[in-house]
2 protein chains.
Amino acid sequence: MTTSADTAAARRGRPGYDRRQVLDVAVTLFNEQGYDATSVADLAERLGLSKSALYHHFASKEELLAIALETALSRLEAVLDGALALDASAADRLEHVIRGAVAVLTAELPSVTLLLRLRGNSAVEVAALERRRLFDQRVTGLVRSAQSEGRLRADIDAGVATRLIFGMVNSVVEWYRPDGRVDPALLAEDVLTVALSGLLPRDDHG
Amino acid sequence: MTTSADTAAARRGRPGYDRRQVLDVAVTLFNEQGYDATSVADLAERLGLSKSALYHHFASKEELLAIALETALSRLEAVLDGALALDASAADRLEHVIRGAVAVLTAELPSVTLLLRLRGNSAVEVAALERRRLFDQRVTGLVRSAQSEGRLRADIDAGVATRLIFGMVNSVVEWYRPDGRVDPALLAEDVLTVALSGLLPRDDHG
DNA sequence: GTCTATAGAATGATAGAC
DNA sequence: GTCTATCATTCTATAGAC
């Protein structure tokens, strides 16, 4: 779809990579090798460009990281904002968040993968981790409310429950591939099934 | 437990770090900053040693990684071997594996954390990832058998179910801390509860 | 001529290894 | 400490489409 010049039909100047294309390749490479293990020379080679040509598109290696993280975080936050704007119970809102998070993970796989592997080695990374921490905290609030409503079992700590649910959700980036045979929407349902009802057979024998 | 000289009571020669202590600090640092982002100079500084002194203990930075990965993998494999040696149903064996995996994760947190973050950037990493893949495959077999027994719901693909369960299990390394207020054994029960019964309230109203 | 993408050469800093 | 290799980055200049 977004391969070359067919997106922004008429572009002036010399043909070649634009910002978007460089970013996509960069994030892919960061995910393959890890951000720190990927040198600008690696990226240049993958693109068939010189290093200096890359610096025409971006001010720094870290800027590439920052843009990708912004994409991932803003989309995840949008899901949560949308859920909180609903006129619904906390349990229903939580369900909306889980479904939405799986959708964002699968749709924005590269940038979210990058986000989930951060170590906090720079100011950019620390800031992203902080936004992620805030996201988690708000979801924990939802879980706690759903427990109070009696819609979620209360014998598991809300913080632990949230971490387990999102551990399951986030782990999807480790194996989901867009070209695979797993449908994102069905995957979201499977996640919800396991999280809410568990893997024991449905109680249809009595 | 394994802090300093109290392990191998009498050690001869010049006082200072031994292999084990250097390894522990190295793995801790690798987890804090990431393996690639951690330089030998970082490690030397943390230990208060010169770089050359470090190379007296280890042949290379990668050797440190290899030893840690061996620890994590052998302990996880031992859990699986133990489960398969049991005279029990697949479902019961799976439960044993999940409980054991959480135990290994919490007991060997640093080395398992390192294992779960590998990217495959070297021969050592590729080999470790391959052993991990084999582990996952064997667990998937257990899940499939448990489904055939009727002890696990069969409307979720065995591969997806396995990945979701272990996504939940493995995510524990992201937040569990030995000095925290979460008991490892209770955590394992919580994981099993969510995986098997889900977070919906127990059906005690009818 | 103007715009965009591109190289080449060289910077200082830091890497792992010994 | 010292080695060589590689790191991210910058400067200056040019190639090609409008």
Side-chain angles (χ1 to χ4, degrees), chain A residues 2-69 114 118-126 128, chain B residues 14 16-17 19 22-23 25-69 114 118-126:
Chain A
T2 317
T3 28
S4 53
D6 55 299
T7 26
R11 196 172 43 96
R12 314 212 339 158
R14 189 178 180 172
Y17 293 101
D18 62 9
R19 244 178 108 86
R20 171 99 236 141
Q21 295 172 294
V22 170
L23 179 64
D24 285 347
V25 175
V27 174
T28 300
L29 207 53
F30 289 163
N31 283 327
E32 283 178 17
Q33 310 180 342
Y35 174 76
D36 290 301
T38 303
S39 67
V40 176
D42 288 341
L43 178 53
E45 189 186 9
R46 172 71 65 102
L47 287 162
L49 287 182
S50 66
K51 286 190 285 177
S52 47
L54 274 182
Y55 279 91
H56 165 73
H57 295 285
F58 292 97
S60 68
K61 177 183 168 185
E62 194 166 42
E63 189 191 348
L64 291 161
L65 178 64
I67 294 175
L69 295 179
L114 217 45
L118 288 187
R119 298 309 310 147
N121 288 329
S122 66
V124 166
E125 297 190 18
V126 169
Chain B
R14 188 173 178 179
Y17 294 99
R19 248 177 104 86
V22 170
L23 180 65
V25 174
V27 173
T28 300
L29 207 52
F30 289 162
N31 282 327
E32 282 177 16
Q33 310 180 343
Y35 174 74
D36 291 299
T38 302
S39 68
V40 177
D42 288 340
L43 179 53
E45 190 186 7
R46 173 72 64 103
L47 288 162
L49 290 181
S50 68
K51 286 193 283 179
S52 37
L54 267 185
Y55 279 91
H56 166 71
H57 293 288
F58 292 96
S60 69
K61 178 183 169 185
E62 194 166 42
E63 191 190 348
L64 292 162
L65 177 64
I67 296 176
L69 295 179
L114 216 45
L118 288 188
R119 299 308 310 143
N121 288 330
S122 67
V124 167
E125 297 190 18
V126 169

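Below, chain A is the first sequence line, B the second, and so on; all start at residue 1.
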Between C1' of C/dA17 and CG of B/L43, the distance in whole Å:
14 Å
Listing, residues 37-47 of chain A side-chain donor-acceptor contacts under 3.5 Å, not counting sequence neighbours, or none:
residue: A/T38; atom: OG1; partner: A/Q33; partner atom: OE1; Å: 3.3
residue: A/T38; atom: OG1; partner: A/G34; partner atom: O; Å: 2.7
residue: A/S39; atom: OG; partner: A/A41; partner atom: N; Å: 3.4
residue: A/S39; atom: OG; partner: A/D42; partner atom: N; Å: 3.0
residue: A/S39; atom: OG; partner: A/D42; partner atom: OD1; Å: 3.4
residue: A/S39; atom: OG; partner: A/D42; partner atom: OD2; Å: 3.3
residue: A/D42; atom: OD2; partner: A/S39; partner atom: N; Å: 3.1
residue: A/R46; atom: NH2; partner: A/E32; partner atom: OE1; Å: 2.8

Using a heavy-atom cut-off of 4.0 Å across all strands, would you classify A/G13 as base, sugar-phosphate, or nothing?
base
B/S50: side chain to side chain donor-acceptor pair (under 3.5 Å) partners, not counting sequence neighbours
B/S52
I'd like to check A/L64 versus A/L23 (side-chain heavy atoms, cut-off strictly below 4.5 Å). Are they in contact?
yes
Give a yes/no on whether any side-chain N or O of A/H56 is located under 4.0 angstrom from OP1 or OP2 of C/dA5.
yes
Measure from the side chain of B/A41, starting at C-beta and using heavy atoms only, and say which of D/dA8, C/dA15, C/dA7 lies closest.
C/dA15
Counting distance alone, no hydrogens or angles: does the base of D/dA17 have a donor or acceptor under 3.5 Å from a partner atom on the side chain of A/R14?
no
Taking CD from A/E63 and C1' from D/dT9, how many angstroms apart are they, rounded to a whole number?
13 Å
Atom pair distance, as rounded to whole Å: CG in A/L49 and C1' in D/dT14
15 Å
C/dC18, D/dA8, C/dT6: which one has an atom nearest the side-chain heavy atoms of B/Y55?
C/dC18
Quickly work out the B/E62 CD to C/dA15 C1' distance and round it to whole Å.
15 Å
Is any side-chain heavy atom of B/K51 less than 4.5 Å from a side-chain heavy atom of B/L54?
no
Quickly work out the A/Y17 OH to C/dT4 C1' distance and round it to whole Å.
16 Å
Sequence neighbours excluded, which residues qualify as side chain to side chain donor-acceptor pair (under 3.5 Å) partners of B/S60?
none
Reading 5' to 3' through nucleotides 1-6 of chain D, protein heavy-atom contacts under 4.0 Å coded B for base, S for sugar-phosphate only, - for none:
BB----
Inter- and intrachain pairs under ring pair (Phe, Tyr, Trp, His ring centres under 6.0 Å), touching residues 11-33 of chain A, at least two apart
A/F30-A/Y35
Round to a whole Å and report the spacing from CZ of B/F58 to P of C/dC18.
15 Å
Roughly, in whole Å, what's the span from CG in A/L54 to P in D/dA8?
11 Å
Quickly work out the A/D42 CG to D/dC7 C1' distance and round it to whole Å.
11 Å
Pairs involving residues 37-65 of chain A, ordered by first then second residue, that meet ring pair (Phe, Tyr, Trp, His ring centres under 6.0 Å) (sequence neighbours left out)
none
